[in-house]
Structure formats: C-alpha cells, structure tokens
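Throughout, a chain's letter reflects where its sequence line sits, starting with A, and its residues are numbered from 1. Every heavy atom of this structure was used, including side-chain atoms; hydrogens, water molecules and symmetry mates were not.
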Amino acid sequence: MLRFLLNRIAVLLPTFIGVTIISFLFIRLLPGDPIELLAGERGVTPERHAQLMHMMGFDKPIWQQYLTFVGDVLQGDLGQSIVTKRPVFDEFFTLFPATLELSICAIIFAIAIGLPAGIIAAVRRGSVFDHTVMATALTGYSMPIFWWGLLLIIVFSGTLGWTPVSGRISFMFFFDQVTGFMLIDSLLSGQKGAFASAVEHLILPTIVLGTIPLAVIARQTRSAMLEVLGEDYVRTARAKGLPPSRVIGLHALRNAMIPVITTIGLQVGVLLAGAILTETIFSWPGVGKWMIDSVSRRDYPAVQGGLLLIASLVMLVNLTVDILYGLINPRIRHRR
Amino acid sequence: MPALLDIRNLSVTFETAQGPFRAVDQVDFSVDTGERLAIVGESGSGKSVAMLAVMGLLPKTATVTADVMAFNGHDLRQLDARSRRKIIGRDMSMIFQEPIASLNPCFTVGFQIGEALKTHLGLDRAARRKRSIELLEAVGIPEPAQRLSAFPHQLSGGMSQRVMIAMAISCQPKLLIADEPTTALDVTIQAQILELLINLQKDTGMALVLITHDMGVVAETAERVVVQYAGQQVERQSIRGLFEAPHHPYTAALLAALPERAGRGRLPQIPGVVPGLGDQPDGCLFNPRCGYADDRCRRVVPPRTGPELGEALCHYPINGEEAA
C-alpha cells in the first residue's frame with residue numbers, strides 16, 4: 001500500500017511542474033499589464049510605467065521571472081497581490097472556505113440525487129423512470145451554467161421570491177467568521193434565523209453548480225450498474241437467496257462504485273471550474289470570483305498563485321480518489 | 001412419497017426483439033433425494049435455462065410455465081419472491097460454469113460464505129467463522145482459516161469452484177444444481193471437482209443435478225440422464241441403458257463423438273448447429289442434422305416413445321429391436 005502511495009505521488013511531480021509553467025505563462029499571454037490596468041483611464045507616463053514594472057520585477061527576462069516564481073513557490077511564498085498588497089496565500093485561503101462550502105454542498109447534492117437515480121434507472125432499465133432520468137441528465141449536462149443560473153434566479157428569486165438572489169447570507173446578520181463556513185459560523189453565532197438565511201442563500205448556487213456533476217454521476221452510475229448487474233457474481237448473490245436490496249445495494253453497487261468514484265473525483269476539477277461561473281452569477285465571495293477579478297486586473301501573482309493552489313487541490317483530490325479506489329478494489333491494492 | 005423435485009411440462013419463453021423464443025419446450029424432471037441426474041446437451045439446448053427457471057433466477061423477459069413445479073412440498077409456481085428466497089441458497093442451491101466470475105471480486109471468501117449462513121441460518125460471527133472453516137475443509141481447501149480472508153483474485157479456478165461449492169452446501173441443501181461445474185477448468189482439476197461433488201453428494205445424501213455437455217462427465221457421475229436438444233428432452237434413460245443402447249439418433253451421435261468410442265481416424269461429428277431463434281424446422285427439431293431423417297421427420301412432430309425406448313422423441317428410435 002505504501003509503495004502504491006509513493007508511486008502515485010511520484011507521478012504527480014511532473015504534473016506539478018507543468019502546472020507552474022502553465023499558470024505562470026497563461027496570464028502573461030493576455031494583452032495589457034497590471035500597471036496599465038491599475039492606472040485605468042487616467043493613464044500613466046511611459047517613464048513611470050517602466051519604473052513601476054522594474055519595481056515589480058516584470059522587466060526581467062521571462063525565464064528569470066519564472067525561476068524566481070518557482071524558487072519562491074518552493075519556499076512556500078506565492079507573492080503578494082499587486083492590487084491588495086496582501087499575500088496571495090492569505091487572500092486565497094480567506095476566500096477558499098466559501099468556495100469549499102459551495103462545492104461540498106454541490107457534490108453532496110449531486111451524489112445524493114445522481115447515485116440513487118442512476119441505480120434505479122439501471123435496475124428498471126427501459127422503464128419510464130429510466131428514460132426520464134437519462135433525458136434529464138443529458139439536458140442537465142448540456143445546459144450552460146450561466147444560463148441555468150440566471151433562469152433559476154428569474155424563476156425562484158424573481159417571480160416566486162422564494163430564495164435570495166445573491167451573497168452568502170442576509171445583510172441583517174453580522175458575526176465573526178470562525179471557520180469560514182457560513183453554515184457552521186451562523187450556527188455558532190447563535191443569532192436567530194442566521195442559519196436559515198445561510199441555507200436559503202446556498203440552495204440555488206448548490207443546484208447550479210451541482211447540476212453537471214449530478215448528470216455525469218447519474219449516467220456513469222447507470223452504465224456501471226448495468227454492466228455489473230449482468231455479471232455472474234450478481235447471479236451468485238441472487239442464487240444465495242439474498243434480498244434484492246443486498247444484491248443490488250451491496251454486491252452490485254460495490255463493484256459499480258469503482259468507475260463511479262473515479263468519475264466523482266474527476267468532477268472536482270469540473271466543480272472548481274463551474275464555481276468560477278456560479279460564484280460570479282450569485283456574487284458568491286469565493287476564490288472563483290476572486291480569480292475572475294484578478295484576471296481582469298492582470299494581477300499576475302494572484303492569478304498564477306491562485307491557479308497553482310487550485311491545481312494542487314485538484315491533484316490532491318485525485319490522489320485521494322486513487323487511494324480510495326485501492327481501498328474499494330482489492331485487485332488494485334494487491335497489485336505489486 | 002413424491003419426488004424431491006418434480007417438474008412437469010416446463011416451458012420457458014423469452015421475449016426478444018424478433019419475437020418470442022422458446023428456449024425450453026415442455027420438459028419434465030423428477031429428482032429424488034440422494035439421486036444424481038445429469039442433463040446433457042449442446043450449448044443452446046436449454047439445459048441451464050430450465051434449471052435457472054427452477055431456481056427463479058431468470059430475467060423478467062422470460063415467461064415460465066409448467067403443469068407441476070414442486071420442490072420439497074412447495075409449489076414453486078405459487079411462491080412469492082420472498083418465500084422463494086428462503087428456499088434458494090438454503091434447500092436448493094446452484095453452482096455455475098465460471099467459478100472465477102461467479103465470486104464477487106470485492107469481498108473476501110469468508111464474507112461470501114458467511115452471507116448465506118447469516119441470511120438463512122442466522123448464525124453469529126463466531127459461528128459463521130467456525131462453520132466456514134469446516135466448509136472449506138470439506139471441499140478440500142488447505143489452510144482454510146487463512147483462506148477466509150482471501151479475495152477471489154487470489155484463488156485459482158479450481159479453488160474458486162471449491163469455494164462456490166462450499167457456499168452452495170453451506171446450509172446443507174437437499175438439492176444441488178451444478179451448471180457445467182468443470183467446463184472452465186483444467187482437465188486435471190475437472191476430475192477432482194467431479195469427485196468432490198460425488199463424495200459430498202454421497203456423504204450428505206442430497207440430490208445432485210449436473211448440467212453438462214460432456215458425455216464423459218455424465219458417465220462418471222450420473223445415475224440417470226436426460227438428453228436435451230433445442231429445448232426439448234429427446235431421451236431419458238438410466239446411465240447404463242444410455243451408454244449401452246441409446247435410442248435417439250442425437251444421443252447416439254453424441255456418444256459416437258466420444259474419443260474413447262470413436263476408435264482410430266477422424267472423430268465423428270454432428271454437422272450443423274442447434275437451431276436458434278427463427279430457424280426452427282418443422283417436424284422433428286433434429287431432422288436437419290439427423291442421418292436417419294426422412295420426409296415424415298421433416299413434417300410430423302415425433303411422439304414420445306415408451307420407457308423401453310428411453311422415452312425418445314423420435315419416429316424411428318434406434319436399437320428398437322433389442323428392446324422389443
């Protein structure tokens with residue numbers, strides 16, 4: 001198992017190097033630079049521009065800048081945001097709980113509905129339920145997030161007035177952020193109605209962000225279950241006289257979960273990408289919205305540092321998935 | 001006393017895209033306690049389907065009809081799913097052709113054996129472990145206590161089939177159905193598994209139904225033989241009678257294809273294949289492949305002959321003069 005783990009980690013190294021290159025180059029490929037955008041309409045004299053660029057080290061050859069960046073990263077320093085002058089690392093992790101809270105809710109929503117829907121669709125293959133689930137999943141998968149988000153806002157916030165339009169909690173509540181998770185903090189604050197308000201604010205973003213993972217999980221679960229249900233060992237389980245709940249819920253599902261877990265792990269990347277759009281639509285103060293803002297301000301350190309952190313998190317999740325995969329599938333665990 | 005398993009006029013029809021297909025056509029079985037019955041026939045002759053119907057393991061696309069379908073005093077046609085589950089895996093159990101694929105790769109051997117013990121007998125953890133070790137010992141697995149924590153991929157095919165047998169006999173069934181239990185195994189292992197099955201059958205006094213396409217296996221194991229072709233039972237005989245005087249041309253052809261009977265030269269074969277969906281001939285289903293078939297065979301469905309002719313489904317049963 002240890003060897004399996006070390007192997008997985010070794011594979012991540014080149015990926016990590018690749019990520020540093022891409023996150024570094026990507027923002028510099030965009031036209032404009034941070035000084036110009038900071039100056040805005042007032043403009044800046046060429047002399048002053050050159051002076052500021054020199055101060056920030058952006059006048060050096062690009063490979064030199066890259067090496068400095070990598071050197072700093074290796075020492076755990078992601079630099080400072082040009083706009084806020086705060087360390088990128090702090091900035092990121094101040095906002096990250098908001099993104100994490102939303103993403104966790106979204107993936108729970110996706111699994112809680114997608115998994116059972118996929119299982120039932122597979123067991124009742126060809127039924128009305130099956131067709132409905134698959135058609136809905138295809139629709140959900142094909143819908144652009146921003147369109148779907150706006151549609152939900154129009155219907156549920158605008159017309160019906162059931163949910164708030166944006167933000168994480170009503171302005172009526174104010175309390176210290178202990179954990180950064182609004183659901184927990186609102187409970188800790190002890191203020192009446194704070195938790196309910198936090199939940200209300202989470203509903204629409206959760207649905208919007210969770211829709212694509214839900215569709216993918218439902219489809220993947222269905223096809224994995226269909227494959228597994230035809231296996232000999234499922235027949236063996238039935239031949240033992242086990243109830244259907246155990247045959248499907250244990251013998252078939254455990255095997256079907258192997259590809260599904262991979263899919264769920266891969267959805268984490270999709271989730272973070274989706275978070276950028278979702279957070280922008282719902283003015284959700286998370287890292288997604290912060291990244292978008294940083295890109296439009298050409299905040300080089302913020303963008304490259306943020307990208308690197310997000311990519312590292314995705315890699316970490318994938319590593320966890322690999323380990324989980326080994327735990328669920330004895331054939332992988334025992335492979336030398 | 002009625003037979004342990006009594007099946008009369010059992011038919012199984014599958015709903016397919018090309019229309020209904022009758023995989024099992026009016027077959028009868030009766031198996032007494034302690035008896036060994038072999039069902040023999042080529043692939044596609046409906047041997048497994050008939051037994052899966054008895055176990056209640058066919059998919060929903062299958063329609064099962066029978067005049068009598070009784071096991072150990074239960075009318076299997078009347079039982080709801082829940083009551084049937086109390087019988088299968090306990091009083092009537094089954095092992096399959098592909099032992100490796102038949103074990104769940106995600107669970108240990110101990111877990112999979114213990115499951116039936118827990119479901120049917122309600123044994124606690126310690127009792128399950130004790131019984132599982134006994135069972136593994138009974139099926140000839142060395143170091144049974146260690147094997148309990150093994151996963152199926154750590155076992156060979158022969159070992160897997162032994163585990164399957166241990167699972168099947170865990171609740172001391174009255175009937176064990178073995179569906180081609182040795183087909184996927186090496187020849188040397190085949191003999192061991194057959195010997196194990198026969199010894200277990202003799203020791204426990206259970207009934208054994210052995211489905212096979214191998215006449216050699218039949219000769220070594222069975223007391224009575226049913227020969228099945230295209231879903232129909234074409235001959236029913238005692239093992240001795242069958243090998244000495246087969247009455248249906250199909251049985252005779254199967255026997256002639258045994259290497260030890262064929263003598264020198266090319267092994268005789270039966271030309272053609274079992275008719276499938278949509279290409280079933282009129283008259284006798286075997287007529288296109290039968291060396292004795294004439295016009296009558298091609299038009300008229302043959303009647304069932306008497307026990308003296310092996311209950312052969314044939315217009316012109318062979319070795320008829322001997323019986324007469």
Side-chain angles (χ1 to χ4, degrees), chain A residues 1 4 115 119-130 221 224-262 321 323-336, chain B residues 15 48 51-52 54-61 81-109 111-121 149-154 160 163-164 167-168 170-171 173 176-177 179 184:
Chain A
M1 190 69 199
F4 169 76
L115 209 59
I119 295 170
I120 298 172
V123 173
R124 304 208 183 136
R125 181 185 194 175
S127 66
V128 177
F129 181 87
D130 180 23
T221 305
M225 277 302 276
L226 279 180
E227 200 176 309
V228 165
L229 284 174
E231 294 284 349
D232 287 356
Y233 52 75
V234 171
R235 186 181 57 193
T236 308
R238 290 172 58 218
K240 276 194 232 176
L242 301 177
S245 58
R246 198 169 165 91
V247 173
I248 293 161
L250 189 73
H251 282 266
L253 188 61
R254 179 66 89 87
N255 286 279
M257 280 313 283
I258 294 168
V260 173
I261 291 236
T262 318
V321 169
I323 295 168
L324 216 60
Y325 201 88
L327 287 179
I328 245 191
N329 188 349
R331 280 166 295 188
I332 294 212
R333 203 184 327 153
H334 289 118
R335 204 163 52 199
R336 302 281 170 253
Chain B
E15 243 5 279
S48 305
M51 281 302 130
L52 288 172
V54 172
M55 288 285 285
L57 293 177
L58 287 174
K60 287 190 188 110
T61 51
R82 181 184 288 267
S83 321
R84 194 169 196 146
R85 285 202 299 273
K86 290 205 177 111
I87 297 176
I88 66 168
R90 182 193 174 117
D91 294 332
M92 175 183 0
S93 57
M94 188 162 180
I95 60 172
F96 303 98
Q97 184 168 358
E98 298 282 346
I100 294 176
S102 295
L103 289 171
N104 193 323
C106 284
F107 299 103
T108 61
V109 166
F111 178 88
Q112 298 190 50
I113 298 177
E115 238 183 346
L117 296 171
K118 189 179 174 188
T119 310
H120 294 296
L121 307 179
S149 54
F151 282 96
H153 70 270
Q154 296 166 311
S160 299
V163 171
M164 284 296 292
M167 255 161 58
S170 62
C171 303
L176 175 64
I177 302 168
D179 184 359

key: Residue Ser93(B) versus chain A: region with a heavy atom under 4.5 Å   = neither

ask   = How about Leu242(A) and Arg85(B): do any of their side-chain heavy atoms sit closer than 4.5 Å?
value = no

request  = Let me know if Leu250(A) has heavy atoms under 4.5 Å from chain B in its side chain, its backbone, both or neither.
outcome  = both

ask   = Is it true that a side-chain atom of Glu98(B) and a backbone atom of Ala184(B) form a donor plus acceptor pair closer than 3.5 Å?
value = no

ask   = Will you find, in the side chains of His251(A) and Gln112(B), an N or O donor that is under 3.5 Å from an N or O acceptor?
value = no

key: chain A contacts, top residue of Met94(B), His120(B), Arg90(B) (heavy-atom pairs, under 4.5 Å)   = His120(B)

key: Shortest non-hydrogen contact from Arg84(B) toward Gly56(B)   = NH2-N, 3.5 Å

message = What part of Leu103(B) gets within 4.5 angstrom of chain A, counting heavy atoms only: side chain, backbone, both, or neither?
response = backbone

message = Given heavy-atom pairs under 4.5 angstrom as the criterion, report whether the side chain, backbone, both or neither of Leu52(B) touches chain A.
response = side chain

message = Between the side chains of Lys60(B) and Glu15(B), is the shortest nitrogen-to-carboxylate-oxygen separation below 4.0 Å, so that they form an ion pair?
response = no

task = Give a yes or no answer on whether the side chain of Gln154(B) reaches the backbone of Phe151(B) with a donor-acceptor pair at less than 3.5 Å.
result = yes

request  = Among Ala116(B), Pro152(B), Cys106(B), Ala168(B), single out the residue with the greatest number of heavy-atom pairs under 4.5 Å to chain A.
outcome  = Cys106(B)

note = The interface call for Leu58(B) against chain A, heavy-atom contacts under 4.5 Å, is backbone

